[in-house]
Amino acid sequence: MVNKGSNNVSVIDTETNAVIVTIPVGNDPSQVAVGPNGRLVYVSNNGNANVAIIDTGTSTVLTSVSVGNSPEGLAVDPTGTVESLQFVI
């Protein structure tokens, strides 16, 4: 779950609906996408113009990749290719 105001994401246990861990990811996170094998999670951060890459085994950010202004959406295809989408109004 993305927590925009807190600049982090929460990992939730689906059996108990309890927060397991909260991971700082960057300014103004907006979207989350899970890689095909479940090992990596991608979070778009509007305020930093990047995508944070989280290792699900350690619940830590491995790296952040610059993607351009206002990354609003993410998509991961079955091969693991990540697309970051920017919306301009």
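Please read these numbers as outputs of a predicted model, since none were measured by experiment. Below, each value reflects all heavy atoms present in this structure, side chains not excepted, and no hydrogens, waters or symmetry copies.
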For T79, the side-chain hydrogen bond (donor to acceptor under 3.5 Å, both in side chains) test, sequence neighbours excluded, returns D77, T81
Tell me which pairs pass salt bridge (charged side-chain N to carboxylate O under 4.0 Å, His left out) where either residue lies in residues 8-22, with sequence neighbours left out.
none
With sequence neighbours excluded, what pairs up with D55 under the side-chain hydrogen bond (donor to acceptor under 3.5 Å, both in side chains) test?
none
Test of understanding: clusters of I, L, V, M, F, W, Y form through side-chain heavy atoms closer than 4.5 Å, transitively. Do V43 and L62 belong to the same one?
no
Distance-minimising heavy-atom pair for L74 and Y42:
CD1-O, 3.2 Å
Hydrophobic clusters here meaning ILVMFWY residues chained together by side-chain heavy-atom distances under 4.5 Å, can you tell me if V51 and L40 are in one?
yes
When rounded to the nearest 0.5 angstrom, what distance separates CG in N69 from CG in N50?
11.5 Å
Residues 24-36 side chain polar contacts: donor-acceptor under 3.5 Å, at least two apart:
| unit_1 | atom_1 | unit_2 | atom_2 | d |
| --- | --- | --- | --- | --- |
| D28 | OD1 | K4 | NZ | 3.1 |
| S30 | OG | S44 | OG | 2.9 |
| S30 | OG | P71 | O | 3.4 |

Let me check something: do V41 and I12 share a hydrophobic cluster, defined by ILVMFWY side-chain heavy atoms less than 4.5 Å apart, either directly or through other members?
no
Can you list everything that forms a side-chain hydrogen bond (donor to acceptor under 3.5 Å, both in side chains) with S64? Sequence neighbours excluded, please.
none
I'd like to check the side-chain hydrogen bond (donor to acceptor under 3.5 Å, both in side chains) partners of T56; sequence neighbours left out, ordered by chain and number.
none
Test applied, side chain to side chain contact (heavy atoms under 4.5 Å, CB included); reference residue, S59; option that passes from I23, I54, I20:
I23
Under a 4.5 Å side-chain heavy-atom rule over Ile, Leu, Val, Met, Phe, Trp and Tyr, are V9 and I53 clustered together?
no
